[in-house]
Structure formats: structure tokens, C-alpha cells
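Working notes, structure below.
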Amino acid sequence: MHMMMAGLLMFQYMGVVKVNSKRLFIVVILVMILGAGSYYLTGLFMTNASQSNSDRNDSPESEIVELNDDELMKKFEKALNTIEDRYVEEVDRQDLIEGAISGMIDELGDPFSDYMDQETANEFVESLGSEFQGIGAEVSMINGKVTIVSPFRDSPAEQAGLQANDRIIEIDGENIEGLSVNEAVLKIRGEKGTTVRLTIERDGSSELLDVPVERDTIPIETVRTQTFEQDGQTIGLLEITSFSEDTAINFKDQLQQLEQDGMDALIIDVRGNPGGYLNAVEQIGDELIPDEKAIVQTEDRDGARTGYTSKLKEAKDYPIIGLIDERSASASEILAAALKESGGYDLVGNTTFGKGTVQQTVDLGDGSDLKLTMMRWLTPDGNSINQEGVTPTIEVSQPEYFFSTAVSVEEDAPIVFDSLGEQVKNAQFILKGLDYDPGREDGYFDQQTVDAVKSFQEDEGIEANGEINQETATALQERIVEEIRKAENDSQLQKAIDVAIEQTN
């Protein structure tokens with residue numbers, strides 16, 4: 001017997017007796033619903049068992065009956081009709097069918113497969129357009145929790161201090177346990193200028209973090225170009241923020257412009273890139289991977305592999321360096337692996353996220369979609385990176401303050417001397433990153449922390465009272481983001497530039 005209800009159910013089978021040579025089953029079901037703090041005896045009932053049931057229970061093991069396709073469909077239809085006709089409250093057939101589809105997806109245990117109803121499918125299509133409104137973060141269901149895969153570069157999510165692998169526990173004070181990724185995303189997204197409060201569970205933090213994020217318009221500008229002049233060399237930087245429909249075209253155009261301008265080396269930056277279209281990676285690989293070597297391999301459920309090889313016949317006449325980090329996922333990992341294994345190029349940074357599967361979207365005919373994992377992708381050398389990631393050839397980590405979390409302060413409740421908690425710890429972490437030494441980072445607001453806050457406030461033209469109100473908290477976050485954005489503070493980028501210059505000589 002298997003039943004699903006809200007709460008934890010316990011069943012106890014009490015016994016079997018014979019009366020008048022006929023089997024009678026006396027079943028007492030004791031249901032204990034944990035959390036409600038109450039116990040309910042749901043009933044004592046007697047029924048005549050059929051001969052088939054009697055025979056089956058005489059057997060030491062019940063035989064498992066396998067149904068054919070027609071029988072399975074009849075079983076589903078019977079369950080559906082029974083619920084519609086006899087459930088204690090009226091139900092909507094469409095809701096039941098959509099719930100059944102969601103249940104099938106849940107049964108896969110795959111965090112990247114999903115069912116998208118019409119509203120969610122429209123949101124998904126919008127997110128692939130030129131812009132959308134929200135906080136700018138890729139999320140997925142990992143180990144049963146809605147988890148941030150990567151905040152977009154320069155997005156409200158990144159500026160608020162959200163990080164890869166942050167687990168979202170509450171949205172605007174509402175626990176989201178049991179919600180699908182799509183349902184959570186719909187709650188997080190909203191109009192520009194409005195604020196959503198996310199309660200975050202983070203590795204290494206003893207307390208849940210309360211992170212307010214002001215929604216904004218998120219532009220889908222997927223390729224950015226920059227150049228650096230150092231030691232008489234021109235280093236081109238192509239940053240790919242995601243792989244959308246137009247990414248490969250934009251990449252090719254901007255690469256050609258850098259080449260025409262006479263760059264001496266190229267850095268490809270896919271840090272914080274949550275992925276996107278596989279064909280966009282393949283087309284970019286055509287511009288970078290030499291000698292018609294493999295860019296990626298895909299493997300289906302039967303183990304059959306298909307490879308995609310580059311169309312580029314000769315290597316570029318300048319060095320190429322890749323930049324990766326723990327927020328580089330999926331399609332960005334494909335490109336990184338191709339640069340490393342087929343291109344023989346260096347990768348600078350940290351090991352990537354480790355998403356080694358490919359999803360395809362299937363239109364269900366009414367505006368809803370299935371996003372289903374249909375293939376695994378493998379590196380050019382045939383390696384799986386799923387849950388492993390792509391390792392850099394040169395390991396470089398960013399300064400600690402790059403991973404700071406914004407300080408959250410209630411309007412009428414500033415953080416003051418002798419306070420204790422996670423928000424004090426966040427403030428101390430940021431102060432230290434800004435070279436205002438608080439003396440400690442354990443979350444206790446002592447006199448040295450007060451002095452550090454006063455020094456910061458004086459430099460910012462804020463009333464220097466040593467308390468952290470909303471104005472001071474906002475100023476702290478703006479300053480730390482400003483420092484993070486400076487190229488000279490980006491340890492990974494600086495190392496990539498150094499390696500590029502070495503290789504031009």
C-alpha cells in the first residue's frame with residue numbers, strides 16, 4: 001500500500017484471521033502525521049478477500065505483474081476517471097494531466113529536464129530574446145533544492161552578492177519547498193524596480209542569508225569586446241556571457257574586427273556563463289579550433305556517439321587563452337574543453353560547474369513544452385565532465401572579497417555596536433576587501449568594526465556614526481562591486497594577460 005499525503009505517514013499492518021473457513025482481513029491503519037503533533041486512528045474494517053487475493057497472500061512473495069502498453073494506458077485512464085468522479089472535491093482534468101506530466105519528469109530525477117506549462121514556456125522564450133525583466137541568474141533543481149547555477153555578469157543578482165551553488169529556501173518570506181524550478185522562477189521574476197527577497201542557504205555559512213535583489217531589465221548582450229595594451233602588445237578579450245541564437249554571428253564579427261585591428265593575442269572569457277545553444281558553441285569552435293579537430297561529441301541513450309569537427313583548417317597565428325570559473329556551465333564548458341583538448345590552449349581560472357548533458361525542447365502542441373535531457377556531451381577526447389567540470393591548466397582564484405554578500409538592513413533597524421550575526425559578518429568581509437580593517441570577521445560588531453565603518457562613512461560623505469543603516473549598506477555594496485569590476489583587481493584576467501604576453505614572444 002502506498003499513499004502520498006502532506007506529512008510523513010506511518011502504516012502498521014495488524015494481522016490476518018480465519019472465520020467460518022473464509023479469510024477475513026483485519027487491517028488497522030495507524031496514520032501518524034508528523035508536524036501536526038496529533039495522532040489519528042483512521043479505521044478498523046473487515047472485507048472478504050477474493051480467491052485470487054487469498055492465493056496471492058498464501059504465497060511467500062507476491063508476483064509482480066507487468067502490464068503491456070495498452071494495459072498501462074487503461075490503468076492511467078482508470079485512475080484519472082476515478083479521481084475525477086469520486087474525489088471528495090471537484091477537480092480540473094487539465095490540472096490533473098499537467099500534474100501527471102510533471103510527475104513523470106520528477107520521476108526521472110534529472111535536475112535539467114522540466115515540464116513548462118504555457119506561461120512558463122512563454123517566459124523561457126522571452127529569456128532567449130534581446131532582454132527580459134528579472135534578477136539575471138540561471139537556476140536549476142539540484143538535490144531537491146532550487147539552486148543558482150550562475151548569476152549573469154553585471155546583473156542585479158551578481159551585484160547583490162548571489163553566488164553559484166546558493167540554494168534558495170524562501171522567496172519573499174515564503175518557503176518554496178515542493179515548488180518546481182519553473183514555479184520558483186515565476187516568483188523571482190517581476191517588473192523592473194521591484195524588489196524580491198531571497199533567503200539563501202550557502203556552504204560555509206552558519207545562518208541563512210537574507211538577500212534583497214532589485215529587479216531590472218536584463219539585456220541579452222552575449223558578446224563583449226575589450227582590448228588591453230601591455231608591454232607593447234595588444235591583447236584582445238572576447239567575453240561570452242551566454243550562447244543564444246545570435247551569439248556565434250556576433251562573436252565572428254567581433255573576432256574579425258579584433259584581427260583587423262592587429263591584436264597580438266586573444267582571451268576567451270566564459271566565466272559566469274550558464275550555457276545555451278549547442279550549435280552556437282559549434283559555430284564558435286569553427287573560428288578557433290584548428291586542423292579540423294573535434295569540438296564536441298554527443299552520446300545517446302544507447303551509447304552511440306556523434307562528433308562535430310571544426311571547419312577551421314589552420315591554427316590562428318596568435319596565442320589563445322581561455323578564462324573559466326566555477327560558474328561556467330554547460331555550453332561554456334564545451335567550448336573550454338575544446339580549447340584545452342583540441343586547441344592545446346591554456347585555460348586560466350577555476351574548475352567549471354560540471355553540467356555534461358544536453359537538453360532539447362519539445363513542443364506539446366498547446367504552447368507548453370518539455371525540456372528533456374536527450375544526450376550526454378563528451379569532450380573531444382571522449383571524457384565526461386558531468387559533476388566533475390573542466391579543470392584549468394593554470395589554477396588561479398579571485399580575491400576573497402569577490403564572493404562577498406550584500407548587507408541586508410531593515411529600514412528602522414540599523415546594525416550597531418555589540419550586534420552579532422551574519423549581516424555583521426558580511427559587512428566586515430566587505431570592509432576588509434575595501435581596506436577598512438574591521439579587525440575581525442566573525443560577525444561581532446566590536447569597537448574596531450565601528451571605527452572601520454566610521455572611516456568608510458567619512459570617505460563616502462555619509463554621517464559617520466559607526467552604524468550601518470540602509471544608506472551605508474548600499475554604499476558598501478556599490479563600492480565593492482566597483483572594485484570587483486576593475487580589471488586590475490581581476491586576478492584571473494591579469495594572469496591570462498601575462499600568459500598571453502609570454503606566448504607572443
Side-chain angles (χ1 to χ4, degrees), residues 153-154 221-243 247-273 281 283-293 295 310-325 327-328 332-352 380 390-399 402 482-505:
R153 294 291 295 270
D154 296 328
E221 178 191 10
T222 60
V223 183
R224 302 171 182 170
T225 308
Q226 195 173 355
T227 57
F228 301 92
E229 302 290 337
Q230 188 167 316
D231 296 343
Q233 306 290 330
T234 300
I235 311 300
L237 172 68
L238 279 176
E239 178 188 356
I240 308 172
T241 60
S242 66
F243 294 88
T247 300
I249 295 173
N250 293 334
F251 180 90
K252 183 177 180 179
D253 290 343
Q254 296 191 42
L255 176 62
Q256 289 178 345
Q257 186 62 54
L258 286 171
E259 290 175 337
Q260 291 172 11
D261 292 342
M263 71 173 172
D264 299 296
L266 174 66
I267 297 172
I268 307 293
D269 186 355
V270 292
R271 294 175 298 171
N273 183 325
V281 186
Q283 293 167 24
I284 289 173
D286 285 337
E287 304 296 323
L288 303 172
I289 305 303
D291 306 321
E292 300 180 342
K293 292 181 180 178
I295 294 173
S310 171
K311 297 180 176 62
L312 185 65
K313 293 184 179 181
E314 296 181 358
K316 296 292 187 178
D317 60 359
Y318 47 79
I320 297 177
I321 311 296
L323 269 175
I324 57 174
D325 66 8
R327 301 173 299 150
S328 305
S332 58
E333 295 176 279
I334 293 176
L335 181 57
L339 291 171
K340 179 181 178 180
E341 293 184 0
S342 288
Y345 301 123
D346 279 313
L347 297 178
V348 175
N350 302 117
T351 300
T352 61
V390 178
T391 58
T393 59
I394 303 171
E395 180 85 24
V396 179
S397 295
Q398 297 286 42
F402 272 55
E482 183 181 322
E483 292 301 309
I484 291 171
R485 286 287 158 263
K486 292 179 179 178
E488 60 266 29
N489 294 334
D490 188 336
S491 299
Q492 294 170 340
L493 174 60
Q494 291 303 315
K495 181 61 176 180
I497 292 173
D498 291 342
V499 172
I501 290 174
E502 289 174 7
Q503 294 182 5
T504 59
N505 298 324

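The chain is numbered in sequence order, starting from 1.
- Side-chain atoms of Ser328 never come within 3.5 Å of backbone atoms of Glu333 as a donor-acceptor pair (strictly under, hydrogens ignored).
- One N or O on the side chain of Asp325 and one on the backbone of Gly272 form a donor-acceptor pair closer than 3.5 Å.
- In this structure a side-chain-to-backbone donor-acceptor pair under 3.5 Å is missing from Asp231 to Gln233.
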Review point. Do Phe251 and Leu288 pass the side chain to side chain contact (heavy atoms under 4.5 Å, CB included) test, and can you show the C-alpha distance, the side-chain angles, and the key distance before you say yes or no?
Key: CA-CA 11 Å; Phe251 180 90; Leu288 303 172; 3.9 Å; yes
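- A distance of 6.0 Å separates CD of Gln230 from CD1 of Ile497, quoted to the nearest 0.5 Å.
- Contacts of Lys311 classified as salt bridge (charged side-chain N to carboxylate O under 4.0 Å, His left out), with partners at least two apart in sequence or in another chain: Asp286.
- Here the straight-line distance linking atom CD1 of Ile284 with atom CD1 of Ile268 works out to 8.0 Å at 0.5 Å rounding.
- Looking only at side-chain heavy atoms (C-beta outward), Pro392 and Thr351 come within less than 4.5 Å of each other.
- Applying the salt bridge (charged side-chain N to carboxylate O under 4.0 Å, His left out) definition to pairs two or more places apart or across chains, those involving residues 258-272 are Arg153-Asp269, Glu259-Lys316, Asp269-Arg271, Arg271-Asp490.
- Side-chain contact check for Thr234 and Glu229: at least one donor-acceptor pair (N or O, by modelled atom type) lies under 3.5 Å.
- Atoms CD1 and CD1, on Ile321 and Ile235 in that order, are 9.0 Å from each other to the nearest 0.5 Å.
- Between Ser397 and Ser491 the shortest side-chain heavy-atom distance does not fall below 4.5 Å.
- Using a distance-only test at 3.5 Å, with no hydrogens or angles considered, no donor-acceptor pair links the side chain of Ser342 to the main chain of Lys293.
- With Ile267 as the fixed residue, the side chain to side chain contact (heavy atoms under 4.5 Å, CB included) test singles out one of Leu493, Leu238, Ile320: Leu493.
- With sequence neighbours excluded, the residues that form a side-chain hydrogen bond (donor to acceptor under 3.5 Å, both in side chains) with Glu395 are Asn350.
- Distance alone, capped at 3.5 Å, is enough to place a donor-acceptor pair between the Thr247 side chain and the Ser242 backbone.
- For the pair Ile334 and Phe243, the minimum side-chain heavy-atom distance is 4.5 Å or more.
- In this structure Lys313 satisfies the salt bridge (charged side-chain N to carboxylate O under 4.0 Å, His left out) test with no other residue, sequence neighbours excluded.
- Taking CZ from Phe228 and CD from Glu488, the interatomic distance works out to 9.5 Å, rounded to the nearest 0.5 Å.
- Scanning both residues, Ala336 and Ile324, for their nearest heavy atoms gives CB-CG2, 3.7 Å.
- How far CG of Asp346 is from CD of Gln503: 5.0 Å, rounded to the nearest 0.5 Å.
- Without hydrogens or angle criteria, Gln494 side chain to Asn489 main chain gives no donor-acceptor distance under 3.5 Å.
- With sequence neighbours excluded, the residues satisfying side-chain contact (heavy atoms from CB on, under 4.5 Å) with Glu482 are Arg479, Lys486.
- Annotation: side-chain hydrogen bond (donor to acceptor under 3.5 Å, both in side chains) contacts of Thr391 (sequence neighbours excluded): Lys340.
- In terms of heavy atoms, Ala500 sits closest to Ala265 at CB-CB, 3.7 Å.
- Residues Ile240 and Val270 have side chains in contact (heavy-atom distance under 4.5 Å, counting atoms from C-beta outward).
- Taking OG of Ser332 as the start and CG of Asn273 as the end, the distance is 4.0 Å to the nearest 0.5 Å.
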